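Here is the structure we will look at.
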Amino acid sequence: MSPVLSAKSLSKHFDGVVAAEAVTIAVAAGERVGLIGSNGAGKTTFVNLITGYLKPDAGAIELDGRDVTALGPREIERLGVARSFQIPQLCAEMNVLDNILVAAACGGEALSFWQPAHTAQTRERALALLERFALGAHAERRVAELPGGIRKLLDIAMSLTRRPRLLLLDEPTSGVSVEEKFPMMETVMAAIAGETHSEGTAVLFVEHDMEIVTRYASRVVAFYSGRVLADGAPATVLADADVRRHVTGGQI
Amino acid sequence: MKRTVWFGVSLVVIFLIAGLLLPKWLLFLCTMAAANGVVSLGIVLLMRGGVVSFGQGLVFAAGGYAAALLSNKLGVTDALLLTAAGGAAAVLMTAPFAVLLARYRGIFFAMLTLALSMVLYGVLVKMDALGGSDGFTMSRPTLLGMKIADAWSGYVLYSIAVVATGLLSIGARIYFDSSRGLVSLAIRENELRVEYLGASVTRVMAANFLLAAFLGGAGGALAIMALGHIEPNFSYWTTSGEFVFVAILAGHTGVLGAFAASFVLELVRSFSSSYFPNTWQMALGIFLLIVIRFFPRGLGSLIKK
Amino acid sequence: MGAYAAASFVAWFAAAGFAPWMSIIALFMASVAVAALLAPLVERGLLRVFYGRDEVLLVLVTYALFLILEDATKLIWGANPYFVSAPYALFGNVQVGEQAYVGYDFALVVVAAVCGIGVWWGLNRTRIGKVVLAVIHSAEVASSMGVNVSRVYTFAFMFGIFLAALGGALTAPMISVQPGVSVSVVIVSFAVVIIGGLGSIEGAAIGALIVGLARALAVHTWPPAELFSIYLAMAIVLVFRPEGLFLRVKARRI
């Protein structure tokens, strides 16, 4: 079976700074890939390249065997790639439910000029999704009033409305307190399992906490100054000498 | 949606009955408030997407001149037809710029639209065929094939304005409540996310611009029918500024606010010409500052609560 | 305001019996007076309240201010046009080949160049300029480094007003000063800034040249298109460079 995502020797430089250098990664349906690396190692750049926010200087990106290197974020989203953001990207003045309805509307076919955004059906679906993320109680709250952890969850919930083939989570647990990290990942992973694409959603997540990576990733890719340092099963990668020196700093 | 339609239709009926009781000067004032209110409703529609046009005088003039020319040169005199034609003409005229303008926000959008309207003003002033800076007059329209009697002209023109703005307002409300309307509000807040969710921000903004143009053109046609005379001032920046003023006063939450605010402006205008003719703009400016400072969501937000 | 103030100052100087060359000083004093009087009033009294709010809102605030000042000038100076011809004749005529040019026009070009280079130098090469740039970039960080942000705002605004008033004052001798001159200036200067790119001094200079040449070309070949030519130039630039000729690098948002 061809991989869902295939990144072939991607390179990206910013004024001499290497953000990505010959990055080659293939991801199959249903995989849970943890991306690790210190700050500036090129994890977010990789996510931004895959989702079309940045254009690579060299290399190619394929989704289900189709070349998407030249496409922008919108077209790539339309092909079943969704992402969440390190800093939640929400509509702060709207309530939680409306944020989900926006996500559902944007992902749908053509935007209707007259079909109401709020119908019994759309609300029911949106509330069901919110329930999976344990956000049902906040449905009518204005986003700007909510604490960071809740916003983080809402950000991820929005990216799941279309049951993507490939989901990229950029630091889903950053800014969340240590004791909340595990419950949060538990909620997110369970929700993804509940809203999964028929062929299995592949998940890539950027993460700094190695315990979370070990628990939730089926595979780990370690980045160091724009390059892939190691790629494989979590235990193997985390035991790698280079990874211990440059990424995990000898912890675990 | 059904509720919106019923509510709108009953309001139109109420205004039609109330019109029978109004004195002539107030009838005319309400007609102009309705016509100008539709133009401002277009700005409200744009504001929901996060941009403000300082050049709606452009579409106002486009609609007005189109209606007047159709009536004078081609003999199309039906009032409702002219209103629709005014809207259509404004859409046609602005269509080439829609996609270009849809990429801009904030001060860029405001100034580019202002520039466009001033170009039209400059052209109209120099076009002798269209009466130059004096403009030209247009004869009274007909309604559904009937001539309008002198004694009833004020009321009939009022009724036309009420019905036309009623229909457009119902349409606007339905649009505001639609999924596209909701996405417009989302663009105002976070267009990056909207693009990442798979919707084309540029396309939504371009469509909003054209919808606003239609409302502006229809408003222009209604205004010229009531006034009977058109001149390049329709496209002047002060005209556009008054539309913005009304839209800000109304806020972006509702549809009715635009008409309430438009009515207030017409009322103040009719008094100001006799009491403070030289400081009209200053009064507008000060009032605008007060509204922005103390009612950032417009007076419309007060009505709702 | 600058143009009107210039008209008044030149008239006062003439009435006080100063020599004609002093009228140049009158022009400068007029712009300083406008900046000193108007800037603190507007910045402290009005704009301060709206800092940090939506950009569109600031546009509306300045628009409201524009309406108010437009009427204020009418109240102060009346609706009749003023003519400030004294300084215009000062520099005599300059003969270049067959053509005679008015010396004042040349002087104006020199003053504009000096202003442009001065502002560039001031912003990029002096301490105060760097502080201003830092505040533009992030008021919060600058403030935590000990910069008096509010004073920088007032200073920058006052200087901006001074330049605008100077522009008005120096233009006054070439035109008849009357209500309505401001709108055309707003639109033309906006076109200049857009062509050049927001926040770029080199851009503004080149934008001004392009607008000027486009206008001159239109006036010579087909006068009715003068107004058009500005927007045509602007539209052509925008189609190819949506952010203007000299765009700044934007920070990454995600």
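Everything numeric in this text was worked out from a predicted model, so none of it was measured. These values consider heavy atoms only, across backbone and side chains, with no hydrogens, waters or symmetry-generated copies.
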Output yes when a side-chain donor or acceptor of R180(B) lies under 3.5 Å from a complementary backbone atom of F113(A), and no otherwise.
no
Do you know which of A105(A), G107(A), P116(A) has the most heavy-atom pairs under 4.5 Å to chain B?
P116(A)
Distance from Q89(A) atom CD to L197(B) atom CG, nearest 0.5 Å?
10.5 Å
Heavy-atom check, side chain of L192(B) versus side chain of Y53(A), under 4.5 Å
yes
Testing the basics here: between L182(B) and M94(A), what is the closest heavy-atom pair and its distance to 0.1 Å?
O-CE, 3.8 Å
Counting heavy atoms not belonging to Y216(A), are there more than 12 under 6.0 Å from its OH?
yes
Applying the side-chain contact (heavy atoms from CB on, under 4.5 Å) criterion to R193(B), which one of P88(A), S159(A), C91(A) satisfies it?
S159(A)
So with a 6.0 Å cut-off around CD of E145(A), is the heavy-atom count from everything else above 12?
yes
Atom CZ of R103(B): over 12 foreign heavy atoms under 6.0 Å
yes
Flag yes if more than 12 heavy atoms outside K8(A) fall under 6.0 Å of its NZ atom; otherwise flag no.
no
Give, for atom CH2 of W114(A) and atom OG1 of T4(B), the distance between the pair rounded to the nearest 0.5 Å.
15.5 Å
Heavy atoms from other residues, nucleotides or ligands near CZ of R66(A) exceed 12 (cutoff 6.0 Å):
no
Using non-hydrogen atoms and a 4.5 Å limit, figure out which bit of A82(A) sits close to chain B: side chain, backbone, both or neither.
neither
Per-residue contact mode, L185(B) against chain A (heavy atom under 4.5 angstrom):
both
Give the minimum heavy-atom separation between E195(B) and R74(A), together with the two atoms involved.
OE2-NE, 3.0 Å
Nearest heavy-atom approach of V102(A) to V183(B) is O-CG2, 4.4 Å
Turns out that what part of N99(A) lies under 4.5 Å from chain B's heavy atoms comes down to neither
Donor-acceptor contact below 3.5 Å, side chain S178(B) vs main chain S112(A):
yes
Part of L101(A) lying under 4.5 Å from any heavy atom of chain B
both
Chain B heavy atoms under 4.5 Å from T51(A): which part of the residue, side chain, backbone, both or neither?
both
Check whether Y196(B) forms a cation-pi arrangement with R83(A) (NZ or CZ under 6.0 Å from the six-membered ring centre, at most 45° off the ring normal).
yes
